[in-house]
Amino acid sequence: MEISVVLADGTQRTVPSDCTASELAALIGRRLSQDSVAAKINGTLRDLNTVLSDGDRVEIVTRDSDQGREILRHSTAHVLAQAVVDLWPGTHFAIGPPISDGFYYDFELPGGRHFSDEDLERIESRMREIIAEDQTFVRSEYSISDGLRLFRDQPFKREIIETVAGQMSEPQEEELNEGVEEGEISVYRNSSGFIDLCRGPHVPSTKVLGSFKLMRVAGAYWRGDENRPQLQRIYGTAWESDKALKEHLLQLDEAEKRDHRKLGLELDLFHFPPEIGGGLPVFHPKGALIRQLMEDFSKTEHRKAGYQQVWTPHLAKSTLFEISGHLGWYKAGMYPPMEMEGATYYLKPMNCPMHILIYKSRGRSYKELPLRLFEFGTVYRFERSGVLHGLARVRGLTQDDSHIFCAPDQLPHELTRLLKFVIAMLMAFGLSDFEAELSTRPEKSVGEDYEWEEATAALDHALKESGINYTVAHGEGAFYAPKIDVHLKDAIGRRWQVSTLQVDLQEPQRFGMEFVDSDNTRKRPYMIHRALFGSVERFFAILLEHYAGGLPVWLSPIQVSVLPVRDDHDDYACQVVNELEKLGARVEMLSADEPLGSRIRKAKLDKVPFVVVVGDSDVSEGTVGVNARGSQSPERGVQLSEFIARISPDLAGKPLGESFD
RNA sequence: GCCCGGGUAGCUCAGUCGGUAGAGCAGCUCACUCGUAAUGAGCAGGUCAGGGGUUCGAAUCCCCUCUCGGGCUCCA
């Protein structure tokens, strides 16, 4: 008997009737067979030993595909659990899914024990033994009740089975659904006898695995709920080959070198004095200069784009935040109150209520709309100590915050214009790889359905008009507003969330905002919240990491270092410095009290864009030696005028050059 | 906040069995005046995060606190 199956490329293939996916792979080719880890049969991932049926559409999943890597990682997690249970009998094991770049597994060790870093080495060795033993993964299925019996000593597994069995009618989250479906559970058994609840598929045998490394141990709450037990999580990374693993580890090293906290220290930009408190940075002269350059550029462009800059204080009476609703919705995120002269004051967690008061300071006409208020507003948020992370997550931050008040019919156009402005500004900072996310109404929210629909539609329209790629995150909006989040990919492919645009449905109402329309009726304006950089601190961190500290010339604290070869070149060096300063360049001179090589090294470590060396021949010829950041070899004998012409265009940020209307 | 791991000179780190603190870089002084990523010598620099305990004796062992890092949760 023979059957016919359809391959991934659409061709038909006749195979023996008891042919497995694995045998099919072998029939197609040796290489494919070697690289296969699972099969996709009629769109569903299955084990390689699945017997094929007539008419099946079969795709062999290889180890170097995204799905293949997921399976490798998942199976490696399984081996991790096996190793831990071997080493600590009586361990309860919970879940062990693949994640990006790797996998984890959550455990509860007997006697409330915790893993230490040394344990990771022992576990890893045991895993390598299991892998060397070439243990097979064999799937079998049980009824719910048999499953509960099988895992009678594993409370987390039982809970997964029970929860999912109890809610079988409703569609489940993938993760919670592991190994449980349609009144049955599936388990995988190794040849050593280790059993794990798992939906699969798995690789056929542990020998397929091996390019992995355990990375770290961490605490993680069971099912992500901080009211439930905290388990011991082990993270690992796993790849299709040792080469891919090595590349990944190199990438991690690269990311470490770019860590903005490290660069901040090395380049003398900022630090976090413990005396001030966690999450509260101080900016040193060079760091403050960079901030100022960023802010100045942004302010100029905002003015040109029709924004009006405002200024508001850092504190306000509780009344303001009662009206705005922050004390109702967000109190846990605010700093505790201060009592003064019978009133209660809070540090502001957001600038919007104050901007609204500026709007409300007098009657507003439709002729003034859209009214775009803009501020570098410093806000304070009580972030839990464990979440602080350098400049990327702080307790005191400066938002490049804008609130745009417009008439309802202006909303779609205003949002489109805004999104274009946001993208143009980010591009001016040398970022170009964006994606957006449209977050819709969450369960816990306020407002009328039609308002949410209108606002969400306007955001959707703006996304389409701007041409940016986007996805919809259902139910991820703020309680008061749907929003667009702009994410960017940095130079080494990491995603960062930056800008956020929200249509506020609540505050205009809470504050009773109005404008007089052309027909002399009073109407409620729409309000858009927007932070473009997100926060200046976080954006600063992103830029540092994106550029690995080598900021664009216009943002570099020192743009040119001038190095006379000997003392008697000082006069000429000063002339060069003067010429460059006339252009507005930020220049420093490193005189010859140290060897030239040493001074060059210093300037290079400071990531100065242009190191200019002047010696005998330069004095007589009116030239400079240019050692540009990133170039392989220095350039001798460049005419000063030519050097000036070359660098002039890059000394200041490039205007956005669009009108946005 | 919770779990794990750290905290020794401004920075990066060493410090044996518990015996009283060390290097490189940076800093300062002097000498060197040099053509593209480290000139040499000397000097100075520490309440070993803080507090408590064990001990004849603690950077080292124990407890508590603070703080930093990695995660979890959180991010209106």
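If you're wondering where the values come from, they're calculated on a predicted model, not measured in any experiment.
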With a 4.0 Å limit, can you tell me whether A/Y221 has a side-chain N or O closer than that to the phosphate oxygens OP1/OP2 of B/C74? no
Could you measure between the two P atoms, the one in B/G7 and the one in B/C61, and give it in whole Å?
11 Å
Exercise for the section: Answer yes when A/E256 and A/R261 have at least one side-chain N-carboxylate O distance shorter than 4.0 Å, and no when they do not. Expected result: no
Q. With rounding to whole Å, what would you report as the distance between B/G35 and B/U16 at their P atoms?
A. 46 Å
Given protein heavy atoms under 4.0 Å, the one-letter contact record of nucleotides 31-41 of chain B, with B base, S sugar-phosphate only and - none, is simply -BBBBBBBB--
Pairing partner of B/G22, by Watson-Crick or G-U wobble and under 3.5 Å for both distances, is B/C13
Original post:
When only distance counts, do a donor and an acceptor, one from the side chain of A/R384 and one from the base of B/C72, lie under 3.5 Å apart?
Top reply: no
TODO: Could you check whether the rings of A/F283 and A/F540 sit parallel, tilted or perpendicular, using 30° and 60° as the cut-offs?
DONE: perpendicular
Applying the 3.5 Å cut-off to both distances, the Watson-Crick or G-U partner of B/C66 turns out to be B/G7
- request: Using the P atom as the reference point in each nucleotide, state the distance between B/C28 and B/G19 in Å, no decimals.
  value: 37 Å
Contacts of A/W329 meeting side-chain contact (heavy atoms from CB on, under 4.5 Å) (sequence neighbours excluded), chain-then-number -> A/K444, A/V446, A/F479
B/C2 -> Watson-Crick or G-U wobble partner, both distances under 3.5 Å, gives B/G71
B/C43 -> Watson-Crick or G-U wobble partner, both distances under 3.5 Å, gives B/G27
Counting only side-chain N and O atoms of A/R233, is one of them less than 4.0 Å from OP1 or OP2 of B/U73? no
Contact list (N/O, under 3.5 angstrom) for nucleotides 4-8 of chain B vs protein:
residue : atom : partner : partner atom : Å
B/C4    : OP1  : A/H114  : NE2          : 3.2

Ranking A/V387 and A/G278 by the position along RNA chain B of their nearest nucleotide, the one closer to 5' is A/G278
Problem - Presence of A/H389 side-chain N/O under 4.0 Å of B/G70 phosphate oxygens OP1/OP2 - result: yes
message = Regarding B/C2, can its base be found pairing with the side chain of A/Q230 as donor and acceptor, where the two atoms are less than 3.5 Å apart?
response = yes
